[in-house]
Amino acid sequence: MPELPEVETTRRGIEPHIRGRKIRQLLVRDHRLRWPVDAGIPQSVSGQSVISVSRRAKYLLLELDQGWLMLHLGMSGSLRILPSGTPPETHDHVDVLFDSNQILRFRDPRRFGSLFYMTTLDHPLLSKLGPEPLSDDFSVDYLMRRARQVRRNIKTFLMDADIVVGVGNIYANEALFYAGIRPLTEAGKVRRARMARLVAAVKMVLAKAIDAGGTSLRDFLREDGKPGYFRHELQVYGREGEACFACEGPLTSLRISNRATVYCRRCQR
DNA sequence: ATCGGGACCTGCTTGC
DNA sequence: TGCAAGCAGGTCCCGA
């Protein structure tokens, strides 16, 4: 799936096409997503216009006249803007047809994604989320305070959406490399100066990935069907055994909480 | 209360 | 070439 940069890339891609447009019809071909898609959604949103498209964590929020469509891309989801009449392919589970005769089409092979309609933003999935990583709320002070309260490694800590949202496996590996911190270091033992480097690294790597249109490994495509280009910027993710770009030593790999972890023994302490 | 692991799915790559 | 195992960008939920 898309991590935060991919979701933000998608948001920026679709907004100009659907903002101000009226929903003519919403079609659910397969309701079996992470949570079953409510059968009442098509009726609820028909005739409503899109006021704005925003993002909270990795959720896309389509603000309508009287509510919100909330969409998560899961691990393999993507959104495309297509001319109406474009035949659906396998795994194209949801279409939103607009009065512009364009379709917003949701594809998700693994069906880990989700779609909700709600009339307030007071939703349990949004209620306990940590700060946005690119906001000022995600600061050294904040992260030091949270780290003191836990006993777990820094990588798992960083990927916990209660702590900070939007940092998935790729960018956690990348940020720890830039910060020079070993992934298994206990979060509570990271000194302030290094935590400051980590906060800066998270912001930098996410911002650069957004600028590049996200990272495309296999599934992710932008709304226009093109890939993102951040893959070429990756320092450690997917490079186990290869030479570190900084010191040329071989990159080490291990699994932390069952997620592929790659780091440089020499550059990360 | 915190934490790790399992579970949810399909498709692609790898190794026998 | 064929088949099975392993792995993939997320994250909720359960039991320890």
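Values below: all heavy atoms of this structure, side chains included; hydrogens, waters and symmetry mates excluded. Residue numbers start from 1 in every chain, and the chains themselves are labelled A, B, ... in the order their sequence lines are given, proteins ahead of strands.
When heavy atoms are screened at a 4.0 angstrom cut-off, Tyr59(A) is found touching the sugar-phosphate backbone but no base atom. Among the heavy atoms of the strands lying under 4.0 Å from Arg259(A) is at least one base atom, whether or not backbone atoms are also near. Nucleic acid contact class of Arg34(A) (heavy atoms, under 4.0 Å, all strands): base. Using a 4.0 Å heavy-atom criterion, one finds that Ala161(A) contacts no nucleic acid atom at all.
Stacking here means ring centres nearer than 5.5 Å and ring planes tilted less than 30 degrees, and by that measure Phe112(A) does not stack onto dT11(C).
When the C1' atom of dT2(B) is taken as reference, atom CZ of Arg146(A) falls 12 Å away, rounded to whole Å.
The separation of dC3(B) from dG9(C), taken at their P atoms, amounts to 22 Å, rounded to a whole angstrom. Of the P atoms belonging to dA1(B) and dT11(C), the separation is 24 Å, rounded to the nearest Å. Nucleotides dG6(C) and dG6(B) place their P atoms 14 Å apart, quoted to the nearest Å. As rounded to the nearest Å, dT1(C) and dG11(B) have P atoms that lie 23 Å from one another.
Taking every side-chain heavy atom of Leu125(A) into account, dC12(C) is the closest of dG9(C), dC12(C), dA8(C). For Ala260(A), taking side-chain heavy atoms from C-beta onward, the closest of the listed nucleotides dG10(C), dG4(B), dA8(C) is dA8(C). Side-chain proximity of Arg110(A) to dG10(C), dC7(C), dC9(B): nearest is dC9(B). Checking dG10(C), dG11(B), dC3(B) against every side-chain atom of Arg152(A), the shortest atom distance belongs to dC3(B). Of the candidate nucleotides dC3(B), dG4(B), dG9(C), dG4(B) has the atom nearest to the side chain of Thr156(A). Checking dG11(B), dC3(B), dG9(C) against every side-chain atom of Arg151(A), the shortest atom distance belongs to dC3(B).
When the side-chain nitrogen and oxygen atoms of Tyr237(A) are compared with OP1 and OP2 of dG9(C), one or more of them lie within a distance under 4.0 Å. Proximity of Asn169(A) to the phosphate of dG9(C): a side-chain N or O atom is located under 4.0 Å from OP1 or OP2. Considering only side-chain N and O atoms, His91(A) lies under 4.0 angstrom from the phosphate OP1 or OP2 of dG11(B).
dC9(B) is unpaired under the Watson-Crick or G-U wobble criterion, no partner having all donor-acceptor distances under 3.5 Å. Using N1 to N3 plus N6-O4 or O6-N4 for Watson-Crick, or N1-O2 and O6-N3 for G-U wobble, each under 3.5 Å, dG9(C) pairs with nothing.
Considering only residues two or more places apart in sequence or on other chains, Glu63(A) meets the salt bridge (Lys or Arg N to Asp or Glu O under 4.0 Å) condition with none of them.
Surrounding CZ of Arg151(A) are at most 12 heavy atoms belonging to other residues, nucleotides or ligands under 6.0 Å away. The environment of Glu242(A) atom CD is dense: over 12 non-hydrogen atoms of other residues, nucleotides or ligands sit within 6.0 angstrom. Around the CZ atom of Arg191(A), the shell of radius 6.0 Å holds no more than 12 heavy atoms that belong to other residues, nucleotides or ligands.
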Original post:
What do the steps show when you test Asp92(A) against Arg107(A) for salt bridge (Lys or Arg N to Asp or Glu O under 4.0 Å), and what is the final call?
Top reply: CA-CA 4 Å; Asp92(A) 287 343; Arg107(A) 172 180 303 181; 2.6 Å; yes
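Ring-plane geometry between Tyr229(A) and His232(A) is classed as parallel, the angle between the planes falling under 30 degrees on a 0 to 90 degree scale with a further cut at 60.
Looking at Arg111(A), its side chain has no donor and acceptor atom pair within 3.5 Å of the base of dC9(B).
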